[in-house]
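Let me begin by presenting the structure, written as structure tokens, before commenting on it.
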Amino acid sequence: MTQTASLAPGFAAIPAAEWDALAQGGDPFTTHRFLLALETSGSIGPGTGWEAHPLLIHRDGRLIAAAPMFAKSHSQGEYIFDHAWAEAYERAGGRYYPKLQIAVPFTPVTGPRLLTLPGHEAEGRAALINAATAIAEQNNLSSLHITFCTEAEAMAGEAEGLLPRLTQQFHWQNNGFSSYDDFLASLSSRKRKALRKERETANSHGLRIEALTGAALQPAHWQAFWTFYQDTGARKWGRPYLTRAFFDALQATMRDDILLFLAYDGARPVAGALNFIGAECLYGRYWGCIEDYPCLHFELCYHRAINWAIAHGLPRVEAGAQGEHKLARGYLPAQTHSLHWLRDPGFARAVAAYLAQERAAVGEEIEVLTAYGPFRRGPLQQD
């Protein structure tokens with residue numbers, strides 16, 4: 001039995017069927033079509049700080065494990081923040097960048113990062129971790145980071161000596177609701193009234209809202225959304241991470257994975273929210289607008305997403321990173337996991353001590369925020 005580790009020059013060099021036989025996490029983000037869309041559109045690659053080096057494990061010539069690995073020259077677009085680590089390491093005379101990152105670029109969504117054939121999970125994960133840390137060590141890189149991995153991967157990585165990190169997001173859970181009103185009935189009277197008023201405000205502007213997916217998506221819809229995305233990206237990150245060509249790639253290869261809410265003032269699109277459809281979750285990713293309409297952001301990004309998930313039997317809605325304002329709209333705290341390897345032993349000890357304190361604080365915050373959630377605790381009250 002011969003097992004080998006190798007680096008591919010990019011996702012285009014890997015047969016889609018071989019990669020997708022490993023990417024069975026139920027979300028579209030680790031699929032070959034999504035990663036290839038990032039690569040061919042120039043959203044990742046030379047000049048972006050995301051240099052793709054997919055890590056492959058073959059056993060007797062068969063691909064049994066892979067990881068979307070990148071050499072990073074910055075910490076942008078990751079959503080698990082290590083800027084303070086980089087600053088501290090460089091103040092001490094070290095060189096933090098480049099570093100290795102196993103991740104889906106620009107995508108704060110939990111899912112498999114150490115992809116394996118079914119039945120090869122244990123050996124595949126161990127082989128990927130050992131190969132990635134060896135590459136970092138041999139190339140004198142400061143660190144390896146595996147972000148938004150699954151809990152099982154976090155446990156496997158910790159067993160291999162990586163440092164586990166616990167963070168949080170806000171997710172909506174479908175507790176068998178038959179309709180949006182059924183969901184509202186699960187909230188406290190005060191929160192229920194607030195959300196009804198919020199939706200009334202959002203729908204009082206006279207806008208027409210369309211939900212577009214599959215064959216209903218047309219190039220004109222993407223042109224409108226690109227305008228919205230550019231505005232939001234410029235305000236949040238200084239420049240948008242994704243190129244215009246990326247949205248053309250979505251139209252060509254991922255229309256069935258997309259749910260796009262567009263709001264129109266007459267025939268003119270004025271706002272939009274982009275979602276990806278998974279097997280068990282609707283993933284809210286991007287929002288933008290060209291005019292300000294009170295409460296429209298909440299309507300398109302949260303209420304419409306919840307309503308669509310209920311109608312289509314999806315168990316969960318994830319609305320991206322951060323945002324405690326999601327709590328009042330039925331999104332409760334959920335743990336997210338990452339793994340970290342640091343080459344310098346002293347630096348690793350300092351980060352390990354910090355992460356232990358952070359885990360305790362995050363655990364306490366999740367407990368407190370869950371207790372302050374919007375759901376009723378007694379019999380349903382009449383409004």
Side-chain angles (χ1 to χ4, degrees), residues 1-7 22 25 30 53-59 64-72 75 78-90 92-104 110-117 119-168 335-363:
M1 182 178 69
T2 303
Q3 182 171 289
T4 60
S6 61
L7 296 176
L22 313 179
T30 53
H53 299 281
L55 177 59
L56 310 177
I57 304 295
H58 287 85
R59 192 176 72 175
I64 65 163
M69 191 166 74
F70 301 85
K72 291 295 306 295
S75 292
E78 297 171 7
Y79 302 96
I80 299 294
F81 302 110
D82 65 347
H83 300 85
W85 303 0
E87 292 171 6
Y89 192 60
E90 294 188 353
R95 183 185 178 200
Y96 195 73
Y97 303 107
K99 62 178 183 175
L100 287 184
Q101 190 92 14
I102 294 177
V104 178
T110 291
R113 298 294 178 262
L114 306 174
L115 313 179
T116 63
L117 278 180
H120 295 267
E121 289 83 2
E123 66 169 313
R125 289 168 182 165
L128 288 167
I129 291 168
N130 291 331
T133 53
I135 291 167
E137 183 77 66
Q138 291 162 9
N139 289 277
N140 294 321
L141 303 181
S142 70
S143 53
L144 163 72
H145 309 267
I146 307 174
T147 46
F148 292 101
C149 60
T150 66
E151 184 175 10
E153 289 173 334
M155 294 173 64
E158 188 173 8
E160 295 291 334
L162 274 63
L163 301 177
R165 189 175 191 182
L166 189 66
T167 48
Q168 67 154 347
Q335 292 182 350
T336 54
H337 299 272
S338 61
L339 292 162
H340 307 271
W341 174 90
L342 303 159
R343 186 166 56 89
D344 183 276
F347 187 43
R349 286 192 296 271
V351 170
Y354 166 78
L355 291 178
Q357 295 177 345
E358 185 184 51
R359 281 194 298 274
V362 169

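Keep in mind that this is a model prediction, so the values were computed, not measured. Numbers here are sequence positions counted from 1.
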key: Residues in salt bridge (Lys or Arg N to Asp or Glu O under 4.0 Å) contact with K72, at least two apart in sequence or another chain   = E78
ask   = What is the minimum heavy-atom distance between P164 and L355, and which atoms define it?
value = O-CD1, 3.7 Å
request  = Please assess S75 against Y97 for the test side chain to side chain donor-acceptor pair (under 3.5 Å), listing each intermediate value before the final yes or no.
outcome  = CA-CA 9 Å; S75 292; Y97 303 107; 2.7 Å; yes
ask   = ring-ring contact (aromatic ring centres under 6.0 Å, His included) with H145: which residues, sequence neighbours excluded?
value = H340
Taking every non-hydrogen atom, the tightest pair across T147 and A103 = OG1-CB, 3.2 Å
Distance in Å, R359 CZ paired with Q335 CD, rounded so as to fall on 0.5 Å steps = 11.0 Å
inquiry  = Restricting to salt bridge (Lys or Arg N to Asp or Glu O under 4.0 Å), what partner residues turn up for E358, sequence neighbours left out?
reply    = R165
inquiry  = Do W341 and E160 have side chains that approach each other closer than 4.5 Å (heavy atoms only, starting at C-beta)?
reply    = no
ask   = Can a donor-acceptor pair be found between the side chains of T167 and T336 at a distance below 3.5 Å?
value = yes
inquiry  = Please check this pair: side chain of E153 against backbone of T150, looking for a donor-acceptor N/O pair closer than 3.5 Å.
reply    = yes
note = Smallest heavy-atom separation, R113 atom then P68 atom, equals O-CD, 3.4 Å
query = Just how far is it from atom CG of L342 to atom CG of L162, taken to the nearest 0.5 Å?
reply = 9.0 Å
key: Approximate separation, where rounding is to 0.5 Å, of L100 CG and L55 CG   = 9.0 Å
request  = Evaluate the criterion side-chain contact (heavy atoms from CB on, under 4.5 Å) for residue pair L22 and T116; output intermediate values, then yes/no.
outcome  = CA-CA 5 Å; L22 313 179; T116 63; 5.7 Å; no
key: Side-chain heavy atoms of Q3 within contact of I57, under 4.5 Å   = yes
Below 3.5 Å, can you tabulate the donor-acceptor pairs from side chains in residues 127-135 to any protein atom, sequence neighbours excluded?
residue, atom, partner, partner atom, Å
N130, ND2, A126, O, 3.1
T133, OG1, I129, O, 2.9
T133, OG1, N130, O, 3.1

N139 (side chain) donor-acceptor with L141 (main chain) under 3.5 angstrom = no
request  = Any chance you could lay out the side-chain contact (heavy atoms from CB on, under 4.5 Å) test for S142 and R343, step after step, and finish with the verdict?
outcome  = CA-CA 5 Å; S142 70; R343 186 166 56 89; 5.6 Å; no
task = Could you tell me which residues satisfy ring-ring contact (aromatic ring centres under 6.0 Å, His included) with F347, sequence neighbours excluded, listed by chain and number?
result = Y89
CG on L115 to CD on E121, rounded to 0.5 Å = 11.0 Å
inquiry  = I need the F148 CZ to I80 CD1 distance, nearest 0.5 Å.
reply    = 3.5 Å
key: Interatomic spacing from CG in L144 to CG in L339 - rounded to 0.5 Å   = 8.5 Å
query = Quick one: salt bridge (Lys or Arg N to Asp or Glu O under 4.0 Å) partners of R59, sequence neighbours excluded?
reply = E123
